[in-house]
Amino acid sequence: MREEHRWWQRLTLLCAGLLALLLGAAAPASAHAALRTTDPGDGSVVRTAPRHVTLTFTESVGLLTDSFRVYDPRNHQLRTGPADHAPGRSDTARVSLPAKLATGTYTVAWRVVSADSHPVSGALTFSVGKRTATTVRPVSDATENPATAALYNIARWLAYLCLALLLGTAAFVAYCRPPAAAPLRAPALAAAWTLLATTTALFVLRTPYEEGTSPVRALSPRALAHAAESRPGALLLARLALLLLAAAAVALLRARRRRLPRRATLAVAAAVSLPLALTWSAAEHASAGLQVPLAITSATLHLLAMAAWLGGLAALLRVLHRTPDLPASVPARFSRLASVSVTVLVLTGVHQSWRGLGSWQALTDTTYGRTLLAKLAAVIALLLAAACSRTWTTRLTRARATRTTPSARVPEPAVGPPLPPEPPAPPPQLSFHLLRRSVLAEAAVGVVVLALTTLLTSTVPGRTATEAARTAAPASGIPTASVTTVPFDLGTPGGHGKVQITLDPGRVGRSSVQAVVYGPDGGLSTVPELRVTFTLSARRIGPLDTRVTDRGGYWAADTFDLPLPGTWTMKVTVRASDVDQVTVSAPVRVTR
């Protein structure tokens, strides 16, 4: 018994460790809508001021009250119109700009909510007339509040776990028919109350999670109203209503009868489990992308099969721990239930994997694919543990059948030595003990599978990531610019800094060159002379002078020709006075 408690302690530590791993890997959470194109293009220079900034994503997106923040070259936020969608396009987000925009570079910070309920954010720049040395501070990479993200991820993981325990326990009681369901009453009630609490927490935290703000703002009337109006918030409210309805039905049935009949348990479980699972599948990956109705059906069946297997496994482990003389028919029935669940999981899992990946390359080149590989490895380990449990279930059944059935007398042979005695069957106590160990190991691996499943719901699908990477280059409307930062040191007090050179488009042919000098404090610095040259030593070409000129805060050359591709050596000469001058160099890759 003492050793059994040690196993329970190890399982608890494993669950806690996986929860910590889950939170660390999911913060910041990855969004599932990827930016496809922007108008104006990121980094582009337009002749006339645009009337709108329009973003196009790989799936439909929801808008927030401050989805766009636009800053002028002097770091002043512009007054813009409300964010909306382009006519007939739910996969776009746009904002109207003031009628007159001054010449210079503008920064746009944006944040939207993808169709599968996860927020996504980013920033872009565009210039009107010409590029300028904008003083806008870089947009912070921390697009989520750490406390809000941690609380939200904890609630999501606990919700998945409690759903599996609740539905799996109901399926176990209805199908496996243990002699006494009393040991399962306390875990089922705990799972139900925890699921109710986590669903409430997810609804309350929904608006701060979308906006990346502090959880302190969760209880404001505006935040609750916004959560109720959003699709994920409406699904969470539906989940709460289903849980309260199920609790009222169970309380009513128990009030009329002291013991809830098995048929009533099965009816309540069937009436609640399907719509309850739909509140998950309608808000996750399946709700966006290809074949949405089929994907929602597949995801719902996958979730129900997972709950029947892993939740039923936890119920079996509880019964094995509390009922030493458990009939062998109970684990035998659960073995059949697990076999059906595994079949459903494999079929629906293959469909979801194909839908999420889109190609074999995404299996290794994307975070989604690598996480899926880890889940497949854990599922294989889970199947091996289940096979061991099935083996010990069969041996336990045979051992108890041999103990209860009198053995037939075997006649002695008429000629020759007597037959060797048959090998004794393993004692039922040993088979029961090993079965309990294998089920415990199976439950531990099941926790790993559940954690990886939760991570998959917070990861950009491979198909979306591949499509976004493929369209990222033409998204801006111009080829990608090459930006190189070169540090320098004149050897005088305060005479060090860096030069940032932008070669646009950074390909063979005509390009433009912009150079900005930063001082030791990171601010803009002015120098009396700056020279930038390019040399291709492999072809004995150069040095080619870019002839950059001072444009008042930065240096630029509107046209500069690079004749051949290759790795060029860029030399930058910075002169601060008649005697203080330094030349530094850096390699620059030029493509066709």
Side-chain angles (χ1 to χ4, degrees), residues 34-57 61 63-86 92-112 119-143 211-212 471-483 485 500-506 511-518 522-526 550-558:
L35 183 62
R36 178 178 289 166
T37 60
T38 67
D39 182 23
D42 186 12
S44 64
V45 179
V46 294
R47 294 183 178 179
T48 59
R51 295 304 307 272
H52 296 87
V53 173
T54 304
L55 312 179
T56 304
F57 297 88
V61 295
L63 303 176
L64 305 172
T65 55
D66 59 343
S67 280
F68 288 92
R69 297 189 305 275
V70 183
Y71 299 90
D72 65 12
R74 296 184 178 181
N75 197 23
H76 295 154
Q77 184 172 354
L78 301 181
R79 291 186 177 181
T80 60
D84 62 354
H85 296 286
T92 62
R94 70 175 186 176
V95 64
S96 60
L97 300 176
K100 295 182 180 180
L101 294 180
T103 300
T105 300
Y106 292 79
T107 302
V108 180
W110 52 267
R111 186 179 182 90
V112 296
V120 56
S121 58
L124 62 93
T125 62
F126 69 92
S127 302
V128 178
K130 65 178 182 178
R131 291 187 178 91
T132 58
T134 177
T135 59
V136 176
R137 294 183 297 273
V139 178
S140 174
D141 293 334
T143 57
E211 297 179 350
T471 60
S476 63
I478 58 174
T480 305
S482 170
V483 180
T485 301
Q500 179 177 291
I501 298 96
T502 302
L503 189 64
D504 191 5
S511 299
S512 63
V513 182
Q514 295 87 30
V516 181
V517 181
Y518 296 95
L524 296 180
S525 178
T526 58
D550 189 1
R551 302 291 179 87
Y554 75 105
W555 298 70
D558 295 331

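Only heavy atoms go into these numbers, but all of them, side chains included; no hydrogens, no water, no symmetry mates. It should be emphasised that the depicted structure is a prediction, and the values quoted were computed from it without experimental measurement.
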For residues His85 and Val61, determine if any side-chain heavy atom of one lies less than 4.5 Å from a side-chain heavy atom of the other. yes
Note, Tyr106 side chain near Pro73 side chain (heavy atom, < 4.5 Å): yes
Just wondering, do Tyr554 and Lys130 contact through their side chains at under 4.5 Å, heavy atoms? yes
Test item: Thr526 and Val517 side chains (from C-beta on) under 4.5 Å apart, heavy atoms: no
Spell out, as yes or no, whether a donor-acceptor pair under 3.5 Å connects the side chain of Thr92 to the backbone of Ala86. yes
Thr65: which residues meet the side-chain contact (heavy atoms from CB on, under 4.5 Å) condition with it, sequence neighbours left out? Glu211, Arg222
For Thr485 and Tyr518, what are the C-alpha separation, side-chain angles and deciding distance, and is it a side chain to side chain contact (heavy atoms under 4.5 Å, CB included)? CA-CA 10 Å; Thr485 301; Tyr518 296 95; over 6 Å; no
Please report the shortest heavy-atom distance between Thr105 and Ser127, naming the atom on each side. OG1-OG, 2.8 Å
Quick one: list whatever passes salt bridge (Lys or Arg N to Asp or Glu O under 4.0 Å) with Asp558, sequence neighbours left out. Arg551
To the closest 0.5 Å, what do you measure between OG1 (Thr80) and CZ (Arg69)? 10.5 Å
Separation between CG (Asp84) and CZ (Phe68), nearest 0.5 Å, reads 8.5 Å
All side-chain contact (heavy atoms from CB on, under 4.5 Å) counterparts of Ser512, not counting sequence neighbours: Arg131, Asp504, Gln514
Do Phe57 and Arg36 have side chains that approach each other closer than 4.5 Å (heavy atoms only, starting at C-beta)? no
Mind checking side-chain contact (heavy atoms from CB on, under 4.5 Å) for Pro50 and listing every partner two or more places apart, or none if nothing turns up? Pro40, Val46, Leu97, Leu101, Phe126, Val128
ring-ring contact (aromatic ring centres under 6.0 Å, His included) with Trp555: which residues, sequence neighbours excluded? none
So Gln500 and Val483, do their side chains get closer than 4.5 Å, heavy atoms only? yes
Below 4.5 Å, heavy atoms only, C-beta onward: do Asp42 and Thr125 meet side chain to side chain? yes
With side chains defined as the heavy atoms from C-beta onward, is the minimum distance between Thr502 and Val513 less than 4.5 Å? no
With sequence neighbours left out, write down each residue that passes side-chain contact (heavy atoms from CB on, under 4.5 Å) with Arg51, or none if nothing qualifies. none
How many angstroms lie between atom CG of Leu35 and atom OG1 of Thr56, to the nearest 0.5 angstrom? 8.0 Å
Say you draw a straight line from CG of Asp39 to OG of Ser44; how long is it, rounded to the nearest 0.5 Å? 8.0 Å
From CA spacing to verdict: side chain to side chain contact (heavy atoms under 4.5 Å, CB included), Ser67, Arg111: CA-CA 5 Å; Ser67 280; Arg111 186 179 182 90; 5.6 Å; no
Apply side chain to side chain contact (heavy atoms under 4.5 Å, CB included) to residues Leu63 and Val112 and explain how you reach the verdict. CA-CA 5 Å; Leu63 303 176; Val112 296; 3.9 Å; yes
